[in-house]
Amino acid sequence: MAIADTPSAARRCSSSTGWRPGAIWPYLDGTGPSQGRVLCSRAGSPSSSGVVRPSPAHILGSDRCGFASGGVAGAAEAQNDIDVLNPPPEVEKLNHKKELLVQPSSSMDVNCQRSLTMYPCVTGTSVIAFKYKDGVIMACDTGASYGSTLRYKSVERIKAVGKHSLIGASGEFSDFQEILRYLDELTLSDHMWDDGNSLGPKEIHSYLTRVMYNRRNKFDPLWNSLVLGGVKKGPKGDEKYLGMVNMIGTHFEENYVATGFGNHLAIPILRAEWHEDITFEEAVKLVEKCLLVLLYRDRSSINKFQIAKITTEGPTIHPPYSLKAYWGFSHFENPAQGAVGSW
Amino acid sequence: MSSIGTGYDLSVTTFSPDGRVFQVEYATKAVDNSGTVVGIKCKDGIVLGVEKLVTSKMMLEGSNRRIHSVHRHSGLAVAGLAADGRQIVSRTKSEAASYEKVYGEAISVKELADRVASYVHLCTLYWWLRPFGCGVILGGYDRDGPQLYMIEPSGVSYKYFGAALGKGRQAAKTEIEKLKLSELTCREGIVEVAKIIYGVHDEAKDKAFELELSWICDESNRQHQKVPNELLEQAKAAAQAALEEMDAD
């Protein structure tokens, strides 16, 4: 009957008889939980004198070992010289090893648990924007979905940035809030310099592109599609600017942009009907046309929209309002009419 | 005149037998030699004013700012060695930014003053650092209303109704005490501060100076900003007029 009196010996035993709970290994200096108390017995030695606590007698002297009988203690000492720093391979193999799929590249990674964005949680749907005569107009609905549930119905997804720009976002709303925080830091340091300079839309678009692309390269993207529009005085007078960045860092500048479903439903309308120097009234009509299509066809949009515009006078975000939607489609009235076998 | 601390004034980590740290007192002298800085707390905000002595005719107007924004809601006016002042301003800005990053809201003026004071005091504790040769007046407007703090090179920070640093501080303090600050609005306060600074400016010793004024009040949306140009000109004109009146007597 093998007496499991050292950790390594016990492990060898346990591979055949199964690990028994209660075996608490002492720390190297002899301290440890339940020192000096009788615990349940180890595998293969139910009749031994309580628990044999093999203390590292060779380090601290045998007075630490409280209740081990002389003979057993003698045997324990011999097998107790486990070199913890350079353990023998058989001991190492028996230890459980944590397997890492991605090897940490710096000590920082080992210390702080970094989680990589896998999926968005609370998301906003399309944003549409285009240049008009006096500046840029941007619009979106005020809903945020939690999966397929339309959880939040009064969310402002367009915000002003400084005096010259508007930012609209679709995708993960918490990432949008973080981006707003970064932009707030930027504009604050502008404000404190107080030298007459301020960041224009082109600069902010460039900054956001860098942020999004760098995050993507760390496999931890900010899960958004951002629309950046604004007007700022340049060498050729007041220059309108409209651009888009998405979560993988793709960015471009255009006269009209849309995110998400807007790409498929609104852009074709804008391609057909947008023209240079469209007036504000015409622009609003065009925006409403696009928003209505999105309302009908995008299941994650709601009938509550915000229109925002940016001109040389500054940004204006209008309060939310609803569009008149027509649900009197004949087939909706009696949907089962033509169905075969309906009762 | 203070006594010469022979032997006890070589290091900031040495006390004199009568319990003074001479290096810190010498640092205060550097502040006393600079242009006057005035700050007052009016009923709806703070006004900060600086007598910016112009050392060379070649200097561009509006350069070498002495009043800095350290956050949206607070400003710092510096008296003393300008380079030391820049360091304090930079540190204050980063303290305010890091507080906002951690707590999600703007730092309170009291907390900010505490942090500035700790930082200034830090440099009076080690022999390898020298004390800052500048004093600052911190004015801010937060949830508890407008507040004014003054931090000296020794690291002490007190809350004030009105504070002054620099050459003309004694005269300025007397003038401030004459004002009824609890009834003054910031618009009126600007004119008063301009008058004080023009009044304490010593025409004989220092020739040219530029007046820098800033405010944080309800009118400025509780944001720290330079006083708008028309108001600045009005204040300057009123101050000039008052000066001429005094001279005429």
Side-chain angles (χ1 to χ4, degrees), chain A residues 108 111-115 121-122 144 152 155-157 159-167 169 172-199 203-204 207-208 210-211 214-215 218 220 222 233 310 312-317, chain B residues 48 50 52 60-78 85-107 109 112 116 136 138-142 212-216 220-229 232:
Chain A
M108 237 278 275
N111 291 331
C112 60
Q113 293 285 339
R114 240 206 6 220
S115 60
C121 294
V122 176
Y152 305 101
V155 160
E156 203 174 281
R157 293 193 290 118
K159 294 279 185 188
V161 183
K163 296 183 287 223
H164 304 287
S165 327
L166 282 176
I167 181 172
E172 173 62 59
F173 195 67
S174 63
D175 284 346
F176 179 48
Q177 289 173 326
E178 189 68 3
I179 288 169
L180 288 176
R181 219 181 46 73
Y182 294 156
L183 292 174
D184 196 45
E185 278 177 24
L186 267 189
T187 43
L188 178 62
S189 68
D190 244 8
H191 172 260
M192 294 200 293
W193 265 119
D194 201 14
D195 58 357
N197 281 326
S198 48
L199 288 171
E203 288 102 59
I204 297 180
Y207 171 78
L208 288 172
R210 292 291 98 224
V211 170
N214 279 310
R215 288 291 294 256
K218 291 192 243 177
D220 188 15
L222 290 163
K233 226 181 194 62
I310 176 117
T312 43
E313 270 128 53
T316 320
I317 302 177
Chain B
L48 298 171
V50 174
K52 194 165 69 178
L60 217 57
E61 202 187 315
S63 68
N64 286 38
R65 291 277 299 270
R66 293 272 292 280
I67 306 183
H68 302 90
S69 286
V70 288
H71 201 58
R72 262 172 238 105
H73 60 45
S74 2
L76 208 63
V78 176
R86 242 202 325 269
Q87 180 74 334
I88 294 188
V89 168
S90 164
R91 177 72 188 215
T92 317
K93 283 182 184 170
S94 72
E95 291 277 3
S98 95
Y99 183 97
E100 186 147 0
K101 214 182 253 183
V102 172
Y103 297 105
E105 65 160 26
I107 189 170
V109 188
L112 192 57
V116 178
V136 298
L138 169 70
Y141 200 146
D142 63 11
E212 236 184 85
L213 278 180
S214 82
W215 66 354
I216 315 143
S220 76
N221 247 326
R222 299 202 184 175
Q223 299 220 345
H224 179 255
Q225 48 174 232
K226 274 198 301 238
V227 165
N229 272 329
L232 185 63

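Naming: A, B, ... by sequence-line order, numbering from 1 per chain.
- Rounding to the nearest 0.5 Å places CH2 of A/W193 at 10.5 Å from CZ of B/R65.
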(message) As a quick check of understanding, evaluate side-chain contact (heavy atoms from CB on, under 4.5 Å) for B/E100 and A/E185, giving each step before the final call.
(response) CA-CA 10 Å; B/E100 186 147 0; A/E185 278 177 24; over 6 Å; no
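- Proximity to chain A (any heavy atom under 4.5 Å) is shown, for B/H71, by both the backbone and the side chain.
- Interatomic distance, OG of B/S69 versus CG of A/D190, reported as 12.0 Å (0.5 Å rounding).
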(message) Assess the residue pair A/M192 and B/V89 against the criterion (side-chain contact (heavy atoms from CB on, under 4.5 Å)); give the C-alpha distance rounded to whole Å, side-chain angles, the decisive distance to 0.1 Å, and a yes or no.
(response) CA-CA 11 Å; A/M192 294 200 293; B/V89 168; over 6 Å; no
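- Within a 6.0 Å radius of CZ in B/R86, other residues, nucleotides and ligands contribute 12 heavy atoms or fewer.
- A 6.0 Å sphere centred on CD of B/E105 holds more than 12 heavy atoms belonging to other residues, nucleotides or ligands.
- Proximity of A/D194 to B/Q225: side-chain heavy atoms (C-beta onward) are nowhere separated by under 4.5 Å.
- Proximity to chain B is absent for every atom of A/D195, based on heavy atoms less than 4.5 angstrom apart.
- The side-chain heavy atoms of B/K101 and A/R181, taken from C-beta on, include a pair separated by under 4.5 Å.
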